[in-house]
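Below is one structure, written out as structure tokens; comments come after it.
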Amino acid sequence: MGLGMNNLTLSKIWAATLAFGIILPFWGCQSQGNRPNPVVGRSNSMILHLQDDPAGLNPVNTVGAQTASLHNLIFDHLITLDPKSLELVPQLAASMPEISEDKLSYTFQLRPGLTFADGKPLTSEDVVFSFKALMNPFVSSAPRRAELHNFEDCISQGPETVIFKLIASGPFNLNRLAINFFVIPKHIYDPLNMSDAYSALDAKKASELGDAFTDSTRMAMLDFADFFEDEKYQRKKGFVIGSGRYIFDAWKSKQFLRFVKNENYWNNKSHAPFAMQGMDTLIYKVIPDQQTALMALKSGEIDFSDSFDPDQYHDQMSGEGYDTHFGKTNVPYPFYEYAGWNANIKGHPKKTFFADPNVRMALSKLIDVDDIVENLLFGTAAPIASMVYKSRKEYAKELSPIKFDEKGAIALLDAAGWIDQDGNGVREKMVQGEKVKFSFKLAYKTGNEIRKRIGRHIQDHFSKVGIEVELTEMEGGVLLSRLTKHEIEAWLGGWVYDSDEQDLFALFHSSQIRNGGYNWGSYANLEADSTMEQITVEWDEATRMALHKKIQTILYNEQPYTLLFANSARIGWNKRLKNIGWYDQRPCYDPGQFSLAK
């Protein structure tokens, strides 16, 4: 996700909300053993579960993990991530772009005969318009603009040719375009041609100069942004239109959203994942409470949910009554949980314990991740050694998850000088002439029961070796704000991300400690910085893969995070559905692929 530097996928920024609380997912008293399969007499439709209303349906100015899956039903990209190979492939583009020798220009040819859902043609002018809308600094698209900060201009050369101009080359630019850039119809989102009054270069200049930009085009950009931000483009039928395989049909707040098959879909012969139209209608029913959602599944009110919690999955989704009529599985996807350590705690300069990589390694050895996975998550997660997703080619397979090793941890703590000198049960050390106790606060988001239980596990294991841990619940927004200010001593969090090539720059490069960056633990290592910098500019794939493995090894040895486990989507569905498949790319399944069992 760029953040003006390079390089954390956009989903990670929005995962920060998820990251500070897994949104967690009853089986009634009545016996289910002799009940018929609870199938409501519906035609070729499917009802899926949502825990809350999406942020909106305009793909330019709304983001979020949940929202993205709905955007991908309605809208298309020029290029996209293949969910099987995890490689970039053309979507609206006829092929991957022609890249100039200096790698500062991408030329795309559109597929012939493309149309939007209303039957109107999709041309290069729509691509240019979509880029201008996104880059307009007065449109609420800052996260996506940050992702595309290396892109400068977009030019039409005939109805099927479009050229992107860049200010800096790098191997991740196409990844960022694939994930963050949707094509929207100009005739719907700019029927008055207001965006014609400024260019993409104007938008880039205005973004860089801020209030100093007083050109006459500023007012044109402001006028367009005011029009484009209208609520109708988020949720009103007829104003949310794309070229995708489904059409937005209805939204009743806190109740449901409905999507219907696009009869004009340009790719309607495809049998590829995330291109199929197995269902005529997809209905997303909003049910905030997970117990209610499980009851809805069992009663036939919904067909599918991907967000059950481990206790439900283990205790309430099995037995003859369930197994006869319902399926369940847990699908790994790019989402890991971790404990973060702040090496430079604001306001506590003498609390230096997290600045020592040997101490951080000791802490990692004190957390029994195998026990957490087995007894808290019932095996529906897996210990990990790297932040990089296991299915990626850059994943360092040679690294192994750190095992619980209390004796090894004690040896490291003793060697680092953290010793219980006065026999009070808490380790201490002289720092700048003052005795400092090894005592800290471990923060997590209010309401996250799993993290609370992990915190208690940490508190118990650490106390046995003389480390004092105080658990602190915080509202998500407060926690994020204080993390950004480096006021949090240690925290439990998680990252959800896309399955494209991983770039750890925004999380661990020392430049990201400042100015609201995502290096909340103030981690700084010259070799790590140099390696991450090389990754962002290295075009040779073999060399870049070696660099990826090098940075993973550095971080493994340094432990700025203690990696806990890779999470899974815990899924339940009605067996009226067939043609179900699972993928490494979020959301791990394709609702358009499903069909009804005969």
Take Phe304 and His49 through the ring pair (Phe, Tyr, Trp, His ring centres under 6.0 Å) test and state the conclusion after the steps. CA-CA 6 Å; Phe304 186 96; His49 170 218; 9.8 Å; no
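- You'll find the side chain of His325 stays beyond 4.5 Å of the side chain of Lys575, heavy atoms only.
- In this structure, the ring of Tyr284 has its center less than 6.0 angstrom from the ring center of Phe259.
- For Tyr333 against Ala569, the heavy-atom pair with the smallest separation is CE2-N, 3.4 Å.
- Under the 3.5 Å distance criterion, the side-chain polar atoms of Gln312 are matched with a main-chain donor or acceptor of Asp309.
- The closest donor-acceptor contact from the side chain of Arg144 to the backbone of Asn61 lies at 3.5 Å or more, if one exists at all.
- Taking a 6.0 Å sphere around CD of Glu231, one finds it holds more than 12 heavy atoms contributed by other residues, nucleotides or ligands.
- Using a 4.5 Å heavy-atom cutoff, the side chains of Leu78 and Leu110 are in contact.
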For a salt bridge (charged side-chain N to carboxylate O under 4.0 Å, His left out) check, start with the C-alpha distance between Glu125 and Lys186, then their side-chain angles and the critical distance, and finish with the verdict. CA-CA 8 Å; Glu125 293 295 336; Lys186 187 172 186 288; over 6 Å; no
Side chain to side chain contact (heavy atoms under 4.5 Å, CB included) assessment of Thr161 paired with Thr107: CA-CA 7 Å; Thr161 303; Thr107 301; 4.0 Å; yes
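- Inspection of the Asp202 and Ser199 side chains reveals an N or O donor paired with an N or O acceptor under 3.5 Å.
- With contacts defined as side-chain heavy-atom distances shorter than 4.5 Å, the pair Arg235/Leu257 does not qualify.
- Asp303 has a carboxylate O that lies under 4.0 Å from a charged side-chain N of Arg576, or vice versa, which qualifies the two as a salt bridge.
- Looking at Ser499 and Asp584, their side chains never bring a donor and an acceptor atom within 3.5 Å of each other.
- Heavy-atom minimum distance, Asp190 versus Asp196: OD2-N, 4.5 Å.
- One distance of note links CD1 of Ile99 with OH of Tyr106; it measures 5.5 Å at 0.5 Å rounding.
- Put simply, the side chain of Arg258 never gets that close to the backbone of Asp249: no donor and acceptor are under 3.5 Å apart.
- Remark: Leu50 CG to Phe256 CZ distance equals 12.5 Å, nearest 0.5 Å.
- For the 3.5 Å distance criterion, the side chains of Ser124 and Ser156 qualify, holding a donor opposite an acceptor.
- Under the 4.5 Å side-chain criterion, counting only non-hydrogen atoms from C-beta, Leu92 is in contact with Ser243.
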For a salt bridge (charged side-chain N to carboxylate O under 4.0 Å, His left out) check, start with the C-alpha distance between Asp52 and Lys254, then their side-chain angles and the critical distance, and finish with the verdict. CA-CA 7 Å; Asp52 201 356; Lys254 304 298 181 182; 3.0 Å; yes
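- Judged by a 6.0 Å distance limit and a 45° cone about the ring axis, Lys232 is positioned over the six-membered ring of Phe227.
- Under the 3.5 Å distance criterion, the side-chain polar atoms of Asn330 are left unmatched by any main-chain donor or acceptor of Arg570.
- Residues Lys120 and Ile188 form no side-chain contact, since every pair of their non-hydrogen atoms from C-beta on lies 4.5 Å or further apart.
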Phe164 vs Phe181, test: ring pair (Phe, Tyr, Trp, His ring centres under 6.0 Å). Steps then yes/no. CA-CA 12 Å; Phe164 286 89; Phe181 182 65; 5.8 Å; yes
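- Contact record, Leu81 with Leu86: CD1-O, 3.4 Å, taken as the closest heavy-atom pair.
- Across every non-hydrogen atom of Pro273 and Asp590, the tightest pair is C-OD2, 3.8 Å.
- The aromatic rings of Phe228 and Tyr189 are tilted relative to each other, their planes meeting at an angle between 30° and 60°.
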Under the criterion side chain to side chain contact (heavy atoms under 4.5 Å, CB included), I'd like the reasoning laid out for Leu596 against Met46: C-alpha separation, chi angles, the key distance, then a yes or no. CA-CA 9 Å; Leu596 294 181; Met46 172 182 176; over 6 Å; no
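- In terms of modelled atom types and a separation under 3.5 Å, the side chain of Ser100 and the main chain of Leu104 share a donor-acceptor contact.
- Between the side chain of Lys393 and the main chain of Met545, no donor-acceptor pair closer than 3.5 Å is present.
- Inter-residue side-chain proximity for Leu73 and Pro591 is flagged as met; some heavy-atom pair is nearer than 4.5 Å.
- Checked against the 6.0 Å centroid threshold, Phe172 and Phe505 do not count as a close aromatic pair.
- One N or O on the side chain of Ser141 and one on the backbone of Leu134 form a donor-acceptor pair closer than 3.5 Å.
- With respect to Arg111 and Asp76, no salt bridge is recorded, no charged nitrogen being found less than 4.0 Å from a carboxylate O.
- No hydrogens or angles considered: nothing links the side chains of Asn58 and Glu229 as a donor-acceptor pair under 3.5 Å.
- Between the side chains of His149 and Ser207, not a single donor N or O lies within less than 3.5 Å of an accepting N or O.
- For Lys236, the NZ atom counts as loosely surrounded, since its 6.0 Å shell holds 12 or fewer non-hydrogen atoms of other residues, nucleotides or ligands.
- When every heavy atom of Pro59 is checked against every heavy atom of Phe182, the shortest pair comes out as CB-CD1, 3.5 Å.
- When Met135, Lys132, Glu152 are each tested for a side chain to side chain contact (heavy atoms under 4.5 Å, CB included) with Leu201, only one passes: Glu152.
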Verdict with reasoning, Asp53 to Val286, per side chain to side chain contact (heavy atoms under 4.5 Å, CB included): CA-CA 7 Å; Asp53 279 341; Val286 178; 3.5 Å; yes
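- Pro191 and Tyr233 get closest at one heavy-atom pair: CD-OH, 3.9 Å.
- Atoms CH2 and CG, from Trp582 and Asp306 in turn, are 9.0 Å apart once rounded to the nearest 0.5 Å.
- In the displayed structure, Glu98 atom CD is contacted under 6.0 Å by at most 12 heavy atoms of other residues, nucleotides or ligands.
- Judged by distance alone, with hydrogens and angles left aside, the side-chain atoms of Asn262 form a donor-acceptor pair with the main-chain N or O of Gly244 at under 3.5 Å.
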Could you check Ile79 against Gln91 for side chain to side chain contact (heavy atoms under 4.5 Å, CB included), going step by step and ending with a plain yes or no? CA-CA 5 Å; Ile79 54 176; Gln91 190 173 36; 5.9 Å; no
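- Partner of Asp503 under the side chain to side chain contact (heavy atoms under 4.5 Å, CB included) criterion, out of Arg176, Met532, His509, His548: Arg176 alone.
- Other residues, nucleotides and ligands contribute only 12 or fewer heavy atoms inside 6.0 Å of the NZ atom of Lys205.
- The shortest distance between side-chain heavy atoms of Tyr589 and Thr329 does not fall below 4.5 Å.
- Looking at Glu501 and Asn175, their side chains come closer than 4.5 Å, going by heavy atoms from C-beta outward.
- Aromatic rings of Tyr583 and Phe274 (six-membered ring for Trp) have centroids within the 6.0 Å cut-off, being under it.
- Between the side chain of Arg586 and the backbone N or O of Tyr497 there is at least one donor-acceptor pair closer than 3.5 Å.
- A distance-only check finds a donor-acceptor pair linking the side chain of Ser130 to the backbone of Asp126 [under 3.5 Å].
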